[in-house]
Amino acid sequence: MQALNILAIGRNPEIMAVINRLLNTPENRTGITVTTDEEALAAFQKTAFDLVLLCAGISEQEGAALSAKLLQLQPGVPVIRHYGGGSGLLDNEIQAALANKQTK
Amino acid sequence: MATHTLHTAATRGHADHGWLSSHQTFSFAGYYNPERVHFGALRVLNDDVVAGGKGFGSHPHDNMEIISIPLEGQLEHKDNMGHTQAIHQGDIQIMSTGSGVFHSEYNGHPTQPVKFLQIWLFPNKLNVTPRYDQITLNPADRHNTLQQIISPNPDDAGTWLYQDAWFHLGRFDAGFATTYNLKKQGNGVYVFVIKGSFTVDGQALAERDGLGISGTDNIAITANSADAELLIMEVPMQIN
């Protein structure tokens, strides 16, 4: 089974380092974390992703604008907000987003 | 008409890590139940027991309002905002994690377990400057009354957070009855029984049961046992 590939974007480098570790801990999951929209768009132009997480420091307006740009590059990819900054909710949010995608 | 969502104690998720035993009303970490993800803005309600001398090492949070209510023992808190404090039974700790905070929480006793409720709410504002607060309450002030411990207003009783949420604690004699009147239209209430048994809006509840109620303006509460204690969490039902 192909590993899930997740892009996470947030402005707090220390938190993004933790999220990067958590995303890449399970064997069936890989993740890239970036702190700028430019890095996110560049990653999206090179790689296919299953899910995008918007993390701390991204306002609702910034998130909406970035989502629109990302979806132009890869339509249908779920873009969700990650709350909590790490271990507590991360796996739950990923499971819920992917289940929601399958039912659409 | 009021809608009830009942979560009996035995149906909660449970994680046993040796040093940590956590009963989880809503999906959390390795426990995922799509039918139990949140009740409005209430996302996490964990009933945790941490072994003596053990705890949660430094880890980050963001964009969550995190409330800890010690039930027994003491927790030693440390964060990157410069706070090094202990919280005990009777205290309420709140962290508005906003743009990001790192913290650790350890059991301050070498052998005795610490028991506490860990509650997370979605905030009504993203990326706020992180804030830490703890208050000490007099448990006598909740005897046969509802003691407000949290509100959205810095000038109101208890501490405050970034959400249109109000929390109350009550400790009642057997047979004592009262009514909780909601503060904001459209909000719901999640009632968690800390100790003893109650009847809430006609629903019998035992220790550690939880009941979410929406679509009502007031809730009738009756204690069915002596020294019964409950936590009332009024939260928005719509998440921004």
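Note that this is a predicted model, so its numbers are computed, not measured. Letters A, B, ... are given to chains in the order of the sequence lines, protein chains preceding strands, and every chain is numbered from 1.
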Asker: Need one label for B/His61: side chain, backbone, both or neither, based on atoms under 4.5 Å from any heavy atom in chain A.
Answerer: both
Asker: Go through the atoms of A/Ile58 and report whether side chain, backbone, both or neither lie under 4.5 Å from a heavy atom of chain B.
Answerer: backbone
Asker: Heavy-atom distances under 4.5 Å only: say whether B/Asp62 touches chain A with side chain, backbone, both or neither.
Answerer: both
Asker: Going by side-chain contact (heavy atoms from CB on, under 4.5 Å), A/Asn24 matches just one of A/Thr30, A/Ile32, A/Thr33. Which one?
Answerer: A/Thr30
Asker: If we check side-chain hydrogen bond (donor to acceptor under 3.5 Å, both in side chains) with B/His77, which of these qualifies: B/Gln85, B/His83, B/Gln134, B/Gln93?
Answerer: B/Gln93
Asker: Please classify the contact between A/Arg81 and chain B as side chain, backbone, both or neither, with a heavy-atom cut-off of under 4.5 Å.
Answerer: side chain
Asker: Find the one option among A/Leu89, A/Asn12, A/Val18 whose heavy-atom pairs under 4.5 Å with chain B are most numerous.
Answerer: A/Leu89
Asker: Between B/Val37 and chain A, which part of the residue has a heavy atom less than 4.5 Å away: side chain, backbone, both or neither?
Answerer: neither
Asker: Determine which residues belonging to residues 14-29 of chain B lie within contact range of chain A, meaning some heavy atom pair is under 4.5 Å apart, and list them by number or answer 'none'.
Answerer: B/Ser27, B/Phe28, B/Ala29
Asker: Under a 4.5 Å heavy-atom cut-off, does chain A meet the side chain of B/Tyr31, its backbone, both or neither?
Answerer: backbone
Asker: When you compare the side chains of B/Glu76 and B/Gln74, does any donor N or O come within less than 3.5 Å of an acceptor on the partner?
Answerer: yes
Asker: Any chance the side chains of B/Tyr190 and B/Glu234 put a donor and an acceptor closer than 3.5 Å?
Answerer: no
Asker: Should the ring pair B/His103 and B/His59 be called parallel, tilted or perpendicular, given that the plane angle runs from 0 to 90° and is split at 30 and 60?
Answerer: tilted
Asker: Do the side chains of A/Glu62 and A/Arg11 get close enough for a salt bridge, i.e. N-O under 4.0 angstrom?
Answerer: yes
